[in-house]
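Structure, as structure tokens:
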Amino acid sequence: MGSVSLKIGDGTARFKRATLCSSAVNILMLFSVITTNLFALYAFTFSPKQHLDNPFHHPHRNISLISQHVSLIIKEIDSSQRKLAQMEKELLGYDTLDLSRPNLAAELKLFLQHDQLPLGKDSRTGITEMVASVGHSCEKSADLLSQYTSYKVSGPCPDDWSLAQKLILKGCEPLPRRRCFAKTVPKPGLTSLPVSLWKPVSDKIVTWSGLGCKNFNCLNSKKLSRDCVGCFNLTNGYETQKYVKARSKNDFVMDDVLALGSGGIRIGFDIGGGSGTFAARMAERNVTVITNTLNVDAPHSEFIAARGLFPLFLSLDHRFPFYDNVFDLVHATSGLDVEGKPEKLEFLMFDLDRILRAGGLFWLDNFYCSDDEKKRALTRLIERFGYKKLKWVVGEKTDAAGSGKPQAYLSAILQKPVRI
């Protein structure tokens with residue numbers, strides 16, 4: 001347990017809307033510099049009139065006077081630094097999460113309270129207290145967050161996974177931990193690898209609460225996304241041919257891609273992996289793949305786990321919880337597309353680059369290009385990383401939903417360079 005004092009610089013955050021503009025900081029900094037220099041000039045040039053003829057007549061008194069002026073200068077500098085630090089926090093939009101609010105759940109207050117280290121300040125890190133991890137944007141959804149933490153301690157958790165996902169999509173990530181028991185769903189009929197990779201998953205072993213469809217037949221009749229049309233059908237349809245048979249020039253065969261891997265492909269990360277078929281095909285080739293997904297309109301995480309694969313329930317706005325240069329392969333489809341300003345995609349791409357090792361492959365798989373400008377913007381962004389283009393295909397193919405309208409897609413195999 002701990003609390004979020006959330007100071008910038010020690011891994012925590014404070015929540016409040018910014019109220020000052022950056023120009024105020026610049027003015028204060030300029031004022032502090034001028035004031036400090038005037039104090040210094042005064043301290044080292046001033047002497048009493050009675051000692052003008054003999055400045056060394058009372059040396060001890062002069063030294064004491066200079067010490068006082070130096071102390072004033074130090075206090076002024078320290079005060080200015082504190083004011084600047086406070087203004088910086090306000091400009092960044094962080095202050096404090098007000099735990100005195102009457103509508104906050106008691107469990108949330110307990111989770112976020114300060115927890116001092118029993119032995120005081122840690123000599124290695126300088127940390128004096130432990131703080132709980134919670135997303136700074138939770139302040140914007142305090143009412144929903146309080147609802148999420150309203151439960152009976154040691155009792156069953158509310159059936160509110162959809163509320164949790166809503167908070168995540170609003171930027172409240174990570175969510176606070178809870179002291180309740182999650183609902184258990186019996187999962188009879190699970191089989192071992194490799195049979196589990198392609199065995200149809202029963203409707204009864206997943207949670208359908210909060211979803212429009214209540215079975216997989218319903219899901220397979222809908223277009224959930226550009227990369228998930230009938231993707232829960234493991235016996236018929238294109239899902240059984242993905243990555244082993246190409247339908248267009250934009251579809252790369254998995255074995256051909258693996259042959260391009262420098263030093264071998266052993267572990268990979270899949271962005272927006274739908275029902276986990278990419279990870280399943282890789283598992284058949286002894287490659288471990290983690291699939292990043294959310295349960296948007298379908299129980300993606302439970303379905304992937306039922307196939308014996310590794311789902312990661314995480315939004316694309318969250319920094320990926322992996323160390324630098326650990327993956328041999330990163331695979332991304334149109335799920336890589338993030339709405340908003342171009343800088344948002346840049347932050348995502350830099351984080352993907354961080355976790356991909358030098359010589360590793362970035363597989364951009366059928367990325368939908370809504371227009372030429374979007375294609376050019378993505379191309380310029382990729383070229384900034386200096387990746388070697390092993391494959392690069394821009395082509396058109398028919399909309400998977402069956403509209404018959406050709407659409408432009410970009411597929412590429414890129415190799416990360418060694419940077420010094």
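The closest donor-acceptor contact from the side chain of Ser146 to the backbone of Ala105 lies under 3.5 Å. With hydrogens and angles ignored, the 3.5 Å screen pairs a side-chain donor or acceptor of Trp161 with a backbone N or O of Ser209. Between the side chain of Ser301 and the backbone N or O of Pro311 there is no donor-acceptor pair closer than 3.5 Å.
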**Study point:** Steps toward salt bridge (charged side-chain N to carboxylate O under 4.0 Å, His left out) verdict (Glu107, Arg179)
**Key:** CA-CA 8 Å; Glu107 278 292 280; Arg179 297 186 296 170; 2.6 Å; yes
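Among residues two or more places apart in sequence or in another chain, the ring-ring contact (aromatic ring centres under 6.0 Å, His included) test is passed with Phe232 by Phe216, His300, Phe303. Contacts of Cys213 classified as disulfide bond (SG atoms under 2.5 Å apart), with partners at least two apart in sequence or in another chain: Cys218.
Taking all atoms of both residues into account, the shortest heavy-atom contact from Asp297 to Leu211 is C-CD2, 3.7 Å.
A salt bridge links Arg419 with Asp353: the distance from a Lys NZ or Arg NE/NH1/NH2 to an Asp or Glu carboxylate oxygen falls below 4.0 Å. In summary, Lys242 and Asp365 do not engage in a salt bridge, as defined by a charged side-chain N under 4.0 Å from a carboxylate O.
Arg281 forms no cation-pi arrangement with Tyr243, by the criterion of a distance under 6.0 Å to the ring centre and an angle within 45° of the ring axis.
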Just distance, no hydrogens or angles: give the donor-acceptor pairs under 3.5 Å from side chains in residues 313-324, sequence neighbours left out.
{"from": "Ser315", "atom 1": "OG", "to": "Glu173", "atom 2": "OE1", "distance (Å)": "2.6"}
{"from": "Ser315", "atom 1": "OG", "to": "Asp317", "atom 2": "N", "distance (Å)": "3.3"}
{"from": "Asp324", "atom 1": "OD1", "to": "Arg354", "atom 2": "NH1", "distance (Å)": "2.9"}

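A distance of 9.5 Å separates CD1 of Ile73 from CD of Glu76, quoted to the nearest 0.5 Å.
At a cut-off of 3.5 Å, with distance as the only test, no side-chain donor of Ser141 or Asp143 sits close to an acceptor on the other residue.
Under the 4.5 Å side-chain criterion, counting only non-hydrogen atoms from C-beta, Ile271 is in contact with Leu352.
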